[in-house]
Amino acid sequence: GKDADTYVTFVTYDMKIRGIYTEVPGLATFYVKKEKDKMQVISDPKESDVQRYIARLTKHQDVQNLFRKVNEEYNGALERIAECIWKHRR
């Protein structure tokens with residue numbers, strides 16, 4: 001993270017949408033701060049310096065690769081969903 005006891009996490013997940021069999025991948029960015037004995041998870045940090053720090057991290061090659069991978073998986077899931085809908089409409 002930007003400061004001691006802070007972390008930026010890029011979390012991938014598979015989302016289930018009601019009525020659709022195929023799970024859809026997603027990605028979320030969180031800023032995590034350790035305060036005393038607890039971790040505070042912030043999904044939308046308001047501090048502009050933290051926002052700039054996260055923006056810089058997203059330009060790193062490994063993060064770009066993660067974004068690209070999730071985007072490809074997302075597009076693949078959408079294609080599978082469209083194919084399934086098309087087959088059921090025939």
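This one's a predicted model, so the numbers in the text were calculated from it and none came from an experiment.
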Peer 1: Indicate if Val11 and Val70 have the same hydrophobic cluster label, given that clusters are the connected sets of ILVMFWY residues with side-chain heavy-atom separations under 4.5 angstrom.
Peer 2: no
Peer 1: Can you name the nearest heavy-atom pair linking Leu57 to Phe10, along with the distance?
Peer 2: CB-CZ, 4.3 Å
Peer 1: Under a 4.0 Å N-O cut-off, is there an ion pair linking Asp14 with Lys16?
Peer 2: no
Peer 1: I'd like to know whether OH of Tyr74 has more than 12 heavy-atom contacts from other residues, nucleotides or ligands below 6.0 angstrom.
Peer 2: no
Peer 1: Take Lys33 and Tyr7, measure what side chain to side chain contact (heavy atoms under 4.5 Å, CB included) needs, and give me the verdict at the end.
Peer 2: CA-CA 7 Å; Lys33 294 168 81 171; Tyr7 309 89; over 6 Å; no
Peer 1: Got Tyr53 and Arg56 here, is their nearest side-chain heavy-atom distance under 4.5 Å?
Peer 2: yes
Peer 1: I want to check something: taking the side chain as every heavy atom from C-beta on, are Thr29 and Thr9 in contact at a cut-off of under 4.5 Å?
Peer 2: no
Peer 1: Apply side-chain hydrogen bond (donor to acceptor under 3.5 Å, both in side chains) to Thr6 and list each qualifying residue two or more places apart in sequence or on a separate chain.
Peer 2: Tyr31
Peer 1: Do Glu79 and Asn75 meet the criterion of a side-chain donor-acceptor pair at a distance under 3.5 Å?
Peer 2: no
Peer 1: Hey, what do you get for OG1 (Thr12) to NZ (Lys69), rounding to the nearest 0.5 Å?
Peer 2: 6.5 Å
Peer 1: Identify the two heavy atoms, one from Val63 and one from Thr58, that lie closest to each other, and give their separation to 0.1 Å.
Peer 2: CG1-CA, 3.7 Å
Peer 1: Roughly how far, to the nearest 0.5 Å, is CG of Asn65 from NE2 of His60?
Peer 2: 12.5 Å
Peer 1: Picking from Asp44, Ile54, Val41, what satisfies side chain to side chain contact (heavy atoms under 4.5 Å, CB included) with Phe30?
Peer 2: Val41
Peer 1: Hydrophobic clusters here meaning ILVMFWY residues chained together by side-chain heavy-atom distances under 4.5 Å, can you tell me if Ile20 and Ile85 are in one?
Peer 2: yes
Peer 1: Taking Val32's backbone N and O only, do any of them form a donor-acceptor pair with Gln40's side chain (distance below 3.5 Å, no angle check)?
Peer 2: no
Peer 1: Spell out, yes or no, whether Tyr13 and Phe67 are grouped together once hydrophobic residues are joined by side-chain heavy atoms under 4.5 Å, including indirect joins.
Peer 2: no
Peer 1: Under a 4.0 Å N-O cut-off, is there an ion pair linking Asp49 with Lys2?
Peer 2: yes
Peer 1: With salt bridge (Lys or Arg N to Asp or Glu O under 4.0 Å) as the rule and sequence neighbours excluded, what pairs involving residues 59-68 come up?
Peer 2: none
Peer 1: Is the shortest heavy-atom distance from the side chain of Ile17 to the side chain of Val24 under 4.5 Å?
Peer 2: yes
Peer 1: Ignoring hydrogens, what is the shortest heavy-atom contact between Gln51 and Pro45? Give both atom names and the distance.
Peer 2: NE2-O, 2.9 Å
